[in-house]
Amino acid sequence: MGQPWWQGAVGYEIYVRSFLDDDGDGLGDLAGVRAKLPYLADLGVDIVWLTPFYPSPQADHGYDVADYLDVDPRFGTLDVLLALTTEAHELGLRLVIDLVPNHTSDHHPWFVDSRASRDAEYRDFYVWRDPAPDGGPPNNWVSHFGGPAWTFDETTGQYYMHLFLPEQPDLNWAEPRVCAAFEDILDTWFSRGIDGVRIDVAHSLVEDPEFRDNPLLGEGIEQAEDDDPSPDPTTARLVFDRFVHVHDVDQPGVVDIYRDWNVVAAKHDALLLGEVYILDPIKLHRYVTDDALHAAFCFDTLKLAWDADEVRDTLRPYVEVSGDALAWPLSSHDDPHAATRFGGGARGARRALAYFTFLCGLPGAPFLYQGDELGLEDGHLETGVASDPIAVRNPGTIGRDAVRTPMPWEPGPGFGFTTGEPWLPFGSNRTDETTVAAQLGFPGSHLERTRELLATRRRLSALTNGSPTEWITDEGPVVVIERGEEVLVALHVGDGDGPAELVLPEGCRLAFATMAEVELIGDTLYLPEDSAAIIELEPTEDGEEPMLDAEERALMDRAAADQDLARMSGDDTGIGNDGAGGANG
Ligand code: NOJ
């Protein structure tokens with residue numbers, strides 16, 4: 001049996017609303033996605049993940065689904081989606097769609113029925129509880145978006161639960177008919193040719209059967225009132241973070257749901273990729289083992305500071321525990337673009353590319369978010385824009401709008417995204433120079449380097465075939481990993497440490513560098529700060545520079561020959577370091 005098709009794949013997240021507007025209404029759509037499939041295939045990604053396009057009131061921009069099996073007319077039709085899927089396959093791309101099983105829209109027919117009476121057919125599809133003795137919510141759970149996780153419904157005199165907006169009622173996964181309905185939904189999409197699902201808040205779904213209060217993390221926070229959804233507008237999400245979520249997320253039983261889904265997916269060779277927001281390698285591992293999910297995102301990649309020890313100490317346990325069952329996001333529609341997170345400007349973009357190169361060196365699937373291939377920063381928006389419900393509920397904040405501004409394709413008033421009025425402004429920092437057109441075909445641009453990186457990754461099988469990962473440097477600003485004794489990936493995470501010089505084993509070849517200043521001279525790799533390189537340890541085919549064979553090299557008696565550098569294994573890696581701020585100091 002060969003390896004699964006998703007092993008070693010590179011993903012690309014499309015935020016459909018903001019990718020490309022084909023019909024001029026200012027909103028991205030599926031025809032826009034279809035038009036850009038060749039762009040994505042040329043870029044060298046393998047998996048295209050589409051954010052929700054389902055019929056939806058758009059209270060949370062599509063993460064409030066009113067029909068799981070259709071397409072919202074604002075985004076196109078089912079026929080367009082199916083044609084897009086076929087074309088993607090012809091281009092060698094796989095299409096993954098967003099499945100939102102934790103909650104529906106309050107407009108979903110199940111919920112409309114459920115709230116109509118206590119003995120409605122679909123009543124038990126949702127989580128209904130009696131008020132607390134004082135008439136308040138049944139417990140102290142809060143919504144991710146601020147405010148209580150419960151809304152009182154006058155018609156039937158009970159509260160319903162929602163871990164997000166009141167317009168996103170949580171489904172009741174203790175109800176077997178909900179489980180059956182989702183197995184049918186999965187089977188339908190996979191039968192239609194969809195290659196997999198990205199599962200929204202995959203660690204939620206199941207709640208404590210006794211609905212016990214969550215403990216508060218520390219003192220000093222009041223539970224939000226109904227009429228005051230966020231006590232502190234600047235920290236709406238922190239309200240959620242102030243509780244220890246022992247009873248509302250990551251409950252026993254949730255992984256069992258995915259074991260059942262795995263059986264459905266296996267029939268179609270489809271991928272189950274979880275948005276499991278658990279920043280703990282051991283807990284996360286439970287989701288990707290024993291025939292549950294095939295892969296899960298590791299969200300710690302979005303949290304790391306530009307610090308070599310943090311990169312090593314944080315990512316290494318994930319790799320050791322879950323290996324290639326992980327997906328590594330560089331950015332997402334919920335988090336800042338990497339270039340912004342790493343300080344913006346030229347340096348932010350350099351760091352983002354270097355960091356992505358490193359993620360491409362790990363086992364598993366690196367994921368770009370649209371615009372990352374340009375080194376794009378978040379759009380600079382006025383605070384009054386407030387389209388994201390987090391921003392709407394928390395006046396004075398931007399929420400996630402800045403990372404969702406439309407994709408700038410080419411110079412011009414609508415930046416090639418739309419001929420109409422974009423649903424969200426581009427941001428005052430978008431210029432002709434930040435467009436795809438300004439970079440496409442220009443060697444050395446962020447876009448062309450990203451394309452070169454992905455081509456290199458595809459060529460070097462040790463990076464995609466599940467080869468073991470060895471962490472070569474334990475300290476210093478350069479993080480070096482080795483894959484399968486064939487490839488090294490080095491990332492200089494310095495901040496004022498200066499360039500590093502790494503003495504490598506004989507006969508290496510520089511396969512990819514994020515900057516022209518990265519050089520391999522003889523056996524010494526010169527790595528400036530904020531750069532990364534991929535090195536072939538034993539090149540099998542000639543690159544641009546003719547390689548000497550091993551015997552010729554031995555005859556040259558180079559300085560490095562006094563070290564046993566032919567192989568790197570165990571603690572004695574054989575990497576020497578002569579430079580200021582080098583890896584082994
Ligand atoms: C995670 C999604 O990525 C986010 O955009 C959404 O608001 C929540 N889940 C709720 O569905």
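Worth knowing before you read on, the calculation uses all heavy atoms, side chains too, and leaves out hydrogens, waters and symmetry mates. For clarity, every value in this text was computed on a predicted model and none was experimentally measured. Both ligands and their constituent atoms are indexed starting at 1 by order of listing.
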Q: Assess the pair Y287 and H294: is the distance between their ring centroids shorter than 6.0 Å?
A: no
**Q.** Contact partition for H103 relative to ligand 1, non-hydrogen atoms under 4.0 Å
**A.** side chain
Q.
Tell me whether D250 is salt-bridged to R286, with the criterion being a basic N under 4.0 Å from an acidic carboxylate O.
A. yes
Q.
For R400, which part has a heavy atom under 4.0 Å from ligand 1: side chain, backbone, both, or neither?
A. side chain
**Q.** Numbering as shown, the atoms of ligand 1 that approach D60 to under 4.0 Å (heavy-atom distance)
**A.** 6 (C), 7 (O), 8 (C), 10 (C), 11 (O)
Q.
With salt bridge (Lys or Arg N to Asp or Glu O under 4.0 Å) as the test, pick out the partner of R400 among D335, D378, D60.
A. D60
Q. Short list, please: which atoms of ligand 1 are under 4.0 Å from a heavy atom of R404?
A. 5 (O)
(Q) At less than 4.0 angstrom from any non-hydrogen atom of E275, what atoms of ligand 1 do you find? (A) 1 (C), 3 (O)
Q.
Counting non-hydrogen protein atoms only, what is the nearest one to atom 9 (N) of ligand 1? Give residue, atom name and distance.
A. D200 OD1, 2.9 Å
Q: Give the numbers and elements of all ligand 1 atoms closer than 4.0 Å to a heavy atom of H333.
A: 2 (C), 3 (O), 4 (C), 5 (O)
Q: For D334, take its heavy atoms, then give the atoms of ligand 1 lying under 4.0 Å from any of them.
A: 1 (C), 2 (C), 3 (O), 4 (C), 5 (O)
Q.
When you compare the side chain of S331 with that of Q370, does any pair of heavy atoms fall below 4.5 Å?
A. no
Q.
Whether D334 and R404 form a salt bridge (side-chain N of Lys/Arg under 4.0 Å from carboxylate O of Asp/Glu) is what I want to check.
A. yes
Q. What protein heavy atom is closest to atom 8 (C) of ligand 1, reported as residue, atom name and distance in Å?
A. F164 CE2, 3.7 Å
Q.
Within the 4.0 Å heavy-atom shell around F145, which atoms of ligand 1 are there?
A. 7 (O)
Q. Okay, side chain of D106, backbone of V112: is any donor-acceptor separation there less than 3.5 Å?
A. no
Q. How about F240 and H245: are their ring centroids closer than 6.0 Å?
A. yes
